[in-house]
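Following: one structure in structure tokens, then a few remarks.
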Amino acid sequence: MPELPEVETIKNALERCLAGRTFAGVRIIDTRPVQRLSPEQFCNGLVGRRIIGLSRRGKYLIIGLSDGSNLIIHLRMTGALLWNPAEEEPFTRLEFFFDDGSRLVYTDVRRFGTMYLVTDPTEIVGRLGIEPLNGRFTAKALAGILKSRTIPIKSALLNQEHIAGIGNMYADEALFKAKIHPLRPAKSLTPAETRALHGAIREVLKKGIRNHGASIRNYRSPDGKTGTAHEEFAVAHRDGQPCPACGTPVARIVVGQRGSYFCQRCQHYRK
DNA sequence: CATTGTCCCTGGAAGC
DNA sequence: TGCTTCCAGGGACAAT
């Protein structure tokens, strides 16, 4: 499941592949991912445009084009972008062809992924909250986000309108690192806990990027490889395995309809 | 406004 | 072995 570190990894890899290339064609096998535009409008808007640069906002990948428009892609759960795959990829939904004969293949088993072609990116990403790796995301900023909210802290971290890019895996990892129970009301965190969580969020995301993302399910980087971040997860998707800190088996509960992994001992429910 | 619930989608796992 | 049912989950949207 691509979250911030996975999308950042994809962006970095695709930058090297795509920079300066011009779209020569688009093959839409499944129209579902293409939002707002007809397949014809989508193709016509891309063909002939050169790629200026790539960026990321939350879990969205933004590909800037020479005419000022932007191709914005969200991979949701199982979307993947593969650069010049050697073999035919299963679940291919769409293919982009470039002027030099290279191609970018979009696969998505569950067909939840979306793509947009817009002039103004804020149309799509304008509602997103603060970037957690931006310097403006301080412990104080986090405190401001949490102070009035009664929802479980885990749910608050997953709300993209508060903080952009944290998904299920990294929320669990950050809460473990800060020793906070996922069900604690967001507003109940002490200043010390808020500072710990702020640092933990930044650390787990940076570590995820260093390890080129986590491959819990279908995530692959554009070269087809899997990341290694999941190998160093403490609790995420590790129910029953020993907590790296105390050895207690990792527990799984459901918080806001999402499976949540944590250590009942290290993340004891206080207050 | 804040919060909760439903839906989308499909392969793989679990159950019978 | 083979069929059926359940589950995962980001985010849009509706309901409360």
Side-chain angles (χ1 to χ4, degrees), chain A residues 1-8 10 28-37 56-62 72-81 89-94 106-116 118 121-132 144-175 182-189 201 205 208 213-220 226 229-230 233 235-240 250-262:
Chain A
M1 293 149 271
E3 304 181 21
L4 188 155
E6 288 73 32
V7 180
E8 182 72 15
I10 292 166
I28 300 177
I29 298 158
D30 178 11
T31 59
R32 178 166 237 281
V34 179
Q35 305 286 303
R36 300 186 181 191
L37 300 181
R56 178 194 58 73
R57 181 78 172 89
K59 301 173 195 171
Y60 290 84
L61 178 69
I62 304 175
I72 303 184
I73 300 176
H74 195 305
L75 300 169
R76 287 297 213 285
M77 245 77 74
T78 56
L81 290 164
E89 287 292 328
F91 313 111
T92 295
R93 308 298 180 192
L94 210 138
Y106 173 72
T107 68
D108 189 357
V109 173
R110 274 145 81 180
R111 306 171 69 218
F112 276 8
T114 50
M115 44 186 85
Y116 306 83
V118 293
T122 64
E123 251 181 72
I124 308 303
V125 300
R127 285 187 186 170
L128 293 177
I130 193 165
E131 281 290 324
I145 289 165
L146 303 181
K147 73 176 178 200
S148 66
R149 305 183 193 274
T150 58
I151 53 170
I153 182 63
K154 165 97 187 257
S155 302
L157 293 182
L158 294 180
N159 187 329
Q160 302 299 301
E161 296 182 20
H162 301 156
I163 305 167
I166 302 174
N168 206 30
M169 302 181 293
Y170 292 95
D172 283 350
E173 288 298 295
L175 288 170
L183 282 174
R184 287 273 303 283
K187 63 193 281 190
S188 76
L189 269 59
I201 288 168
L205 293 176
S215 300
I216 289 292
R217 281 202 168 73
N218 303 51
Y219 166 77
R220 281 184 294 169
T226 54
H230 56 290
F233 278 168
V235 291
H237 292 273
R238 286 187 180 262
D239 54 331
V250 170
R252 181 186 185 276
I253 58 174
V254 175
V255 180
Q257 288 82 243
R258 292 331 181 230
S260 301
Y261 304 86
F262 72 112

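Throughout, protein chains are lettered first and strands after them, A, B, ... in sequence-line order, and every chain is numbered starting at 1.
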Encode nucleotides 6-11 of chain B as B, S and - characters from 5' to 3', where the letter depends on protein heavy atoms closer than 4.0 Å: B to the base, S only to sugar-phosphate, - to neither.
B-BBBS

Centroid separation under 6.0 Å, is that true for the rings of A:Tyr106 and A:Phe91?
no

Give the minimum heavy-atom separation between A:Thr150 and A:Lys187, together with the two atoms involved.
CG2-CD, 3.8 Å

For residues A:Val250 and A:Val235, report the shortest heavy-atom separation together with the two atoms involved.
CG1-O, 3.7 Å

A:Leu75 CG to C:dA8 P, straight-line distance once rounded to whole Å:
22 Å

Heavy-atom nearest pair, A:Pro132 first then A:Leu4, reads CG-CD1, 3.7 Å

Return the value, rounded to whole Å, for the distance between atom CZ of A:Arg127 and atom P of B:dC1.
11 Å

How far apart are the closest heavy atoms of A:Ile166 and A:Leu158, and which atoms are they?
O-CD2, 3.9 Å

Measure all distances between protein nitrogen or oxygen atoms and nitrogen or oxygen atoms of nucleotides 14-16 of chain C, and list the pairs falling under 3.5 Å.
none

State whether A:Arg36 and A:Glu123 are salt-bridged, where the test is any N-O pair (Lys NZ or Arg NE/NH1/NH2 against Asp/Glu carboxylate O) under 4.0 Å.
yes

The criterion is side-chain contact (heavy atoms from CB on, under 4.5 Å); which residues satisfy it with A:Thr31, sequence neighbours excluded?
A:Ile28, A:Pro39

A:Tyr60 has its side chain closest, among B:dA2, C:dA12, C:dG10, to C:dA12

Side-chain touch A:Gln160/A:Lys59, heavy atoms, less than 4.5 angstrom
yes

To the closest 0.5 Å, what do you measure between CG (A:Leu75) and CD1 (A:Ile10)?
5.0 Å

Whole angstrom value for the distance that separates P of C:dG10 from CG of A:Asp172
10 Å

OP1 or OP2 of C:dG10 less than 4.0 angstrom from a side-chain nitrogen or oxygen of A:His74, does that happen here?
no

Can you tell me if the side-chain N/O atoms of A:Thr150 get under 4.0 Å from OP1 or OP2 in B:dA2?
no

When rounded to the nearest 0.5 angstrom, what is the spacing between OG in A:Ser260 and NE2 in A:His237?
9.5 Å

CD of A:Gln35 versus P of C:dG11: gap in Å, rounded?
13 Å

Heavy atoms only: give me the nearest A:Asp172-A:Gly259 pair and the separation to one decimal.
OD2-O, 4.0 Å

Could you tell me how the ring of A:Tyr116 sits relative to the ring of A:Tyr60: parallel (under 30°), tilted (30 to 60°) or perpendicular (over 60°)?
tilted

Closest heavy-atom pair and its distance - A:Phe112, A:Arg76
O-CG, 3.1 Å

Could I get the full list of side-chain contact (heavy atoms from CB on, under 4.5 Å) partners for A:Thr92, not counting sequence neighbours?
A:Ile29, A:Glu89, A:Glu95, A:Val105, A:Thr107

Could you work out how much the helix from B:dA2-C:dT16 to B:dC16-C:dG2 bends, comparing the axis of its first five pairs with that of its last five, to 10°?
50°

Within residues 155-168 of chain A: residues closer than 4.0 Å to DNA chain B (heavy atoms):
none

Rounded distance (Å) that lies between atom C1' of C:dA12 and atom CG of A:Leu128:
13 Å

Is any side-chain N or O of A:Arg252 closer than 4.0 Å to OP1 or OP2 of C:dA8?
yes

